[in-house]
Asker: 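Here you go, one structure.
It should be emphasised that the depicted structure is a prediction, and the values quoted were computed from it without experimental measurement. Just so we're on the same page: letters track the sequence lines, and every chain starts at 1.
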Amino acid sequence: MIQVTLPDGSKREYQDGASPLDVAESISKSLAKKALAAKVDGQMWDLVRPLEGDANVAIITDRDPEGLELIRHDAAHVLAQAVQELYPDAQVTIGPVIDDGFYYDFARKEPFSTDEFEKIEAKMREIVDADYPIIREVWDKDAAIAEFKRIGEDYKAQIIDDIIPPGEAITVYKQGNWFDLCRGPHLPSTGKLPKAFKLMKLAGAYWRGDHRNEMLQRMYGTAWANEKDLKEHLHRLEEAEKRDHRKLGAQLDLFHLDGMAAAGSVFWHPNGFQVWRQIEAYMRRRLDASGYEEIKTPQLMDSVQWEKSGHWGKYRENMFIVPDFIPAGDEGVEISVPEDAKLMALKPMNCPAHVEVFKSGQKSYRDLPLRLAEFGCCHRNEPHGAIHGIMRVRQFTQDDAHIFCREDQIVEESIQFCRLLESVYRDFGFEKIAVKLSTRPDVRAGDDATWDRAEAGLKAAVDAAGLPCELLPGEGAFYGPKLEFQLTDAIGRVWQCGTLQLDYVLPERLGAEYIASDGSKQRPVMLHRAILGSMERFIGILIEEFAGAFPIWLAPVQVVVAAISDDAAGSYAEEVAAELRKAGLRAEVDRRNETINYKVREHSMQKVPVIAVVGAREADERKVALRRLGSNGQQILSLEEALISLAEEALPPDLKRARS
RNA sequence: GCCGGCUUAGCUCAGCUGGUAGAGCAUCUGAUUUGUAAUCAGAGGGUCACGGGUUCGAGUCCUGUAGCCGGCACCA
């Protein structure tokens, strides 16, 4: 007999060899029906796999997150089986579960087409209807390799060969006459897979994620416990698409991109640049209040400078190189660069220039920490496939700063930085910030004691700011550990925004030093840090976060004064707008010959936070009718009241705080 | 950079199996002077991304290039 403890703490006895399904059946018929798998002593377990002794058993259904994961994993297997039945020349590789679904990578000469999805989905449904039992088998490693090779599945054979230690057994799951290497667990049979799945897209993916390997064909799918959840998911995707910053950028006339004229660079329009200016002004105030000094450094620097910093050797491919010579002035004459022309490079980052500023003149320990900030415009020649809207561009402006300090100041500076960052993000409305701490890589500069201190310092800093933090062991830069602060776009893609990196190497390479209290020359430590990351990316994320409806302090146009008829209220509308501008608001007038319905609709779609409607009545009584974006009521105020309350409302969050 | 897809008016898109382009919105003009999400009418606007080919004839078929989109790789 074995004793099973259920999640509620109750204990039951079963025959030896009983499975979780027996446990479920003994509890209730309906539970047995809903059961997908089990958790045995915290480990996922097939429903019909016999228990191996006394255990804690929890039955997993599609209500559990683990259940949904099982469904998606099985959907991947069913997809693979379907594809192989339809296309016997396709080889299977891997097919994991991802957020909202799964994918499967196939090797096949001929490209798949999304036109074939319908056929594949139909075959998948057939496999579900066939209700093949999914059977777990334990195979010997060498036998498994031989078998997968025999049936022509070279990728599978290679996976087994590479990841399974010699002598260890592997598990194979069979459904019908199809089988796959898999750790499991799985549903008891294919009939248990809800048909709430859908193939979503095709993509290329390198075998084992290495660009030197051949490219496989990846099929992405989504799978849910029921039709309703699937529908909701698809609806969410549709809604998210409407928030795409590229779409809204055009609709709200914020910016445009032109891949022909300037691939990867943004043409900011008045509306978009107004948002930029508000953000920049806000950041300046925050930096000024936090002991930073703003500088401006050269866009182009001599290649010699980049050689010294080490970028020329390692990152030259990503830099824009500009030969320093005077080309022939005549039209039609082909330009040839003289061989002895000096080379310059557009800066891909600001650090070396900031070190130059630090180095000019003598620095004393009394000057530290020295915090040099710059809205630095950088150029990086990114691979063309990497460019994405305004999120990943080739010209971008970092809200960059470098803190030069003594080693014993690192922790305090890091804490201050994390607190500042947290407060800034909160002002922009971001509550959830993903923080990653990347620690020492295998190949690194500096001794372990220094790394210990540096890593502990960064950890202490995130803790002090009250931010949860995930460790990424081995992911740090070779010169120091780093913190990354990530935000998520409308469809769940994660973007790095803020960063804090410790650097002992660059001050050394470029010979930065200060005079210590004992008169000796010392190396400062350098903290690279950015809060927004890049203006472009951050604005892109803001657009998606707010679906284009910026909070009033950021909105390009804060108030539109719409006249009901030009004859009756046109000049009063001008007067109201002038007063609003005097009160510091960004206001526009709409006295076009259009109906008020039309104007309200248009400015609402342009996501203007406040529409001030004025007609004959308002002009007579010197009032305004305010209509807020997203509500259809109106608020009638005297002009004076409106000016005071709107000016207060439109104040940036930091200035609002300073008031109270 | 790699795999796949896409590219028709300022924008969103039609254009069947090849017979030299069409709608809505926007723009302009006129009428209307309007009370909270589209007033009516008229007009202008396209080398169908670009280059080459097949064909009597190409937006449509083939091919090359570029850009964009979705992933992958990259992201100091």
Asker: Do you know the tightest heavy-atom contact between A:L506 and A:C351?
Answerer: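 Scanning both residues completely, I find the closest heavy atoms to be CD2-CB, 3.6 Å.
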Asker: Looking only at atom P, what distance separates B:G42 and B:G35, rounded to whole Å?
Answerer: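 Those two atoms are separated by 25 Å.
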Asker: Any side-chain N or O of A:N597 less than 4.0 Å from the OP1 or OP2 oxygen of B:U36?
Answerer: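 Answer no for this pair, as no side-chain N or O of A:N597 is under 4.0 Å from OP1 or OP2.
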Asker: Does any donor atom in the side chain of A:Y479 or A:Q501 lie under 3.5 Å from an acceptor atom in the other side chain?
Answerer: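 Yes, a side-chain donor-acceptor pair sits under 3.5 Å.
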Asker: Can you name the closest pair of heavy atoms from A:H402 and A:H528 and give their distance?
Answerer: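 Looking at all heavy atoms of both residues, the closest pair is NE2-ND1, 3.1 Å.
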Asker: Which pairs pass side-chain hydrogen bond (donor to acceptor under 3.5 Å, both in side chains) with one or both residues in residues 531-546 of chain A, sequence neighbours excluded?
Answerer: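 Every side-chain hydrogen bond (donor to acceptor under 3.5 Å, both in side chains) pair that includes a residue of residues 531-546 of chain A, provided the two are not neighbours, is A:H245-A:E544.
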Asker: Report the base-pairing partner of B:U33 (Watson-Crick or G-U wobble, both distances below 3.5 angstrom), or none.
Answerer: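 Result: none.
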Asker: Provide, to the nearest angstrom, the distance between the CZ atom belonging to A:R601 and the P atom belonging to B:A37.
Answerer: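 Atom-to-atom, A:R601 to B:A37, this comes out as 10 Å.
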Asker: Paired with B:G57 by Watson-Crick or G-U wobble geometry, both distances under 3.5 Å: which nucleotide is it?
Answerer: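 Matched B:G57 with nothing under the 3.5 Å cut-off.
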Asker: Sub-3.5 Å donor-acceptor pair from the side chain of A:S303 to the main-chain atoms of A:L343, do we have one?
Answerer: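 Looks like yes, one N/O pair under 3.5 Å.
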Asker: Have a look at A:I596 and say if it touches a base, only the backbone sugar-phosphate, or nothing, with a 4.0 Å heavy-atom cut-off.
Answerer: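 Result for A:I596 = sugar-phosphate.
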Asker: Roughly how far apart, to the nearest Å, are B:C16 and B:U33 at atom C1'?
Answerer: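 My reading of the C1' atoms in B:C16 and B:U33 gives 48 Å.
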Asker: Output a table of donor-acceptor pairs, distance under 3.5 Å, between side-chain atoms of residues 624-632 of chain A and any protein atom two or more places apart or on a different chain; print 'none' if there are none.
Answerer:
{"from": "A:R628", "atom 1": "NH1", "to": "A:E649", "atom 2": "OE1", "distance (Å)": "2.7"}
{"from": "A:R628", "atom 1": "NH1", "to": "A:E649", "atom 2": "OE2", "distance (Å)": "2.4"}
{"from": "A:R628", "atom 1": "NH2", "to": "A:Q635", "atom 2": "OE1", "distance (Å)": "3.2"}
{"from": "A:S631", "atom 1": "OG", "to": "A:R628", "atom 2": "O", "distance (Å)": "3.4"}

Asker: Can you check the distance between B:G1 and B:G53, where both ends of the measurement are the P atom (answer in whole Å)?
Answerer: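 Straight-line distance between the two P atoms is 27 Å.
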Asker: Between C1' on B:C69 and CG on A:D489, what's the gap in Å once rounded to a whole number?
Answerer: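 Rounded to whole Å, this separation is 14 Å.
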Asker: Using Watson-Crick or G-U wobble geometry with both distances below 3.5 Å, tell me the partner of B:C68, or none.
Answerer: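 Result: B:G5.
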Asker: Once you round it to whole Å, what is the distance between C1' of B:C2 and CD of A:Q217?
Answerer: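 Atom-to-atom, A:Q217 to B:C2, this comes out as 13 Å.
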Asker: Quantified in whole Å, what is the P atom distance between nucleotide B:U47 and nucleotide B:C11?
Answerer: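 The same atom, P, in both gives a distance of 13 Å.
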Asker: Could you check whether A:A562 gets within reach of a base, just the sugar-phosphate, or nothing at all, counting any heavy atom under 4.0 Å?
Answerer: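 Result for A:A562 = nothing.
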Asker: Specify the separation, in whole Å, of atom NE2 of A:H384 and atom P of B:C3.
Answerer: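 It works out to 16 Å between those atoms.
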Asker: Looking at A:M219 and A:F106, what are the two nearest heavy atoms and their distance?
Answerer: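 Residues A:M219 and A:F106, closest heavy atoms: SD-CE1, 4.1 Å.
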Asker: Donor-acceptor pair, distance only, cut-off 3.5 Å: does the side chain of A:N271 make one with the backbone of A:L252?
Answerer: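 Yes.
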Asker: For B:A76, what is the paired nucleotide under Watson-Crick or G-U wobble rules, both distances under 3.5 Å?
Answerer: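 Pairing partner, where one exists within any strand: none, as none qualifies.
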Asker: Can you tell me, in whole Å, how much space there is between the C1' of B:A58 and that of B:C2?
Answerer: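 Comparing C1' positions in B:A58 and B:C2 gives a spacing of 32 Å.
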Asker: Scan every strand shown for a Watson-Crick or G-U wobble partner of B:G44, both distances under 3.5 Å, and answer none if you come up empty.
Answerer: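 The base-pairing partner of B:G44, which may sit in any strand shown, does not exist here.
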Asker: Reckon A:E618 touches a base, only the sugar-phosphate, or nothing at all at heavy-atom distances under 4.0 Å?
Answerer: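 Answer is base: heavy atoms of A:E618 come under 4.0 Å of a base.
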Asker: Say we look at B:C3 and B:C61: how far apart would their C1' atoms be, to the nearest angstrom?
Answerer: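 Nearest-Å result for B:C3 against B:C61 at atom C1': 24 Å.
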Asker: For A:Q305, which residues count as a side chain to side chain contact (heavy atoms under 4.5 Å, CB included) partner, sequence neighbours excluded?
Answerer: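 Per chain and number, A:Q305 pairs via side chain to side chain contact (heavy atoms under 4.5 Å, CB included) with A:M301, A:K308, A:E356, A:L510.
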Asker: Do A:K436 and A:Q486 have side-chain N/O donor and acceptor atoms under 3.5 Å apart?
Answerer: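 There is such a pair between these side chains.
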Asker: Under 6.0 Å from the ring centre and within 45 degrees of the ring axis: does the NZ or CZ of A:R529 meet both conditions for the six-membered ring of A:F417?
Answerer: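 Relative to the ring axis of A:F417, which defines the angle, A:R529 lies outside at least one limit.
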Asker: Go ahead and name the base partner of B:U20; Watson-Crick or wobble counts if both distances stay under 3.5 Å, otherwise write none.
Answerer: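 Base partner found: none.
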Asker: Rounded to the nearest angstrom, tell me the gap between atom CG in A:D258 and atom P in B:A66.
Answerer: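 Atom-to-atom, A:D258 to B:A66, this comes out as 16 Å.
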Asker: Rounded off to whole Å, could you give me the CD-to-C1' distance for the A:E602 and B:U36 pair?
Answerer: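 Result: 14 Å.
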Asker: Rounded to whole angstrom, note down the C1' distance from B:G46 over to B:G22.
Answerer: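 My reading of the C1' atoms in B:G46 and B:G22 gives 11 Å.
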Asker: For A:M605 and B:A38, give me the distance from atom CE to atom P, rounded to whole Å.
Answerer: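 In whole Å, B:A38 P lies 9 Å from A:M605 CE.
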Asker: At less than 4.0 Å, is any side-chain N or O atom of A:H603 found next to OP1 or OP2 of B:A37? Yes or no.
Answerer: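 So the side-chain polar atoms of A:H603 never come under 4.0 Å of the phosphate oxygens OP1 or OP2 of B:A37.
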Asker: Could you run through nucleotides 70-76 of chain B and give me one letter per nucleotide, 5' to 3': B if any protein heavy atom sits under 4.0 Å from the base, S if only the sugar-phosphate is that close, - if neither?
Answerer: BBBBBBB
Asker: With both distances kept under 3.5 Å, what pairs with B:G10, Watson-Crick or G-U wobble?
Answerer: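 B:C25 is the nucleotide pairing with B:G10.
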Asker: Suppose you measure atom P in B:G70 against the same atom in B:U60; what distance do you get, rounded to whole Å?
Answerer: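 One P to the other, the span is 26 Å.
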Asker: Assign each of A:A568 and A:R627 to its nearest nucleotide of RNA chain B by heavy atoms, then name whichever residue's nucleotide is nearer the 5' end.
Answerer: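 Upstream on the strand: A:A568.
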Asker: Tell me every residue that passes side chain to side chain contact (heavy atoms under 4.5 Å, CB included) with A:Q217, counting only those two or more places apart in sequence or in another chain.
Answerer: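 Expected list: A:R108, A:P111, A:F112.
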Asker: Between B:G4 atom P and A:D115 atom CG, what is the distance in whole Å?
Answerer: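 So the two atoms are 15 Å apart, to the nearest Å.
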Asker: Can you check each nucleotide of nucleotides 5-13 of chain B against protein heavy atoms at under 4.0 Å and return B for base, S for sugar-phosphate only, - for none, in 5' to 3' order?
Answerer: ---------
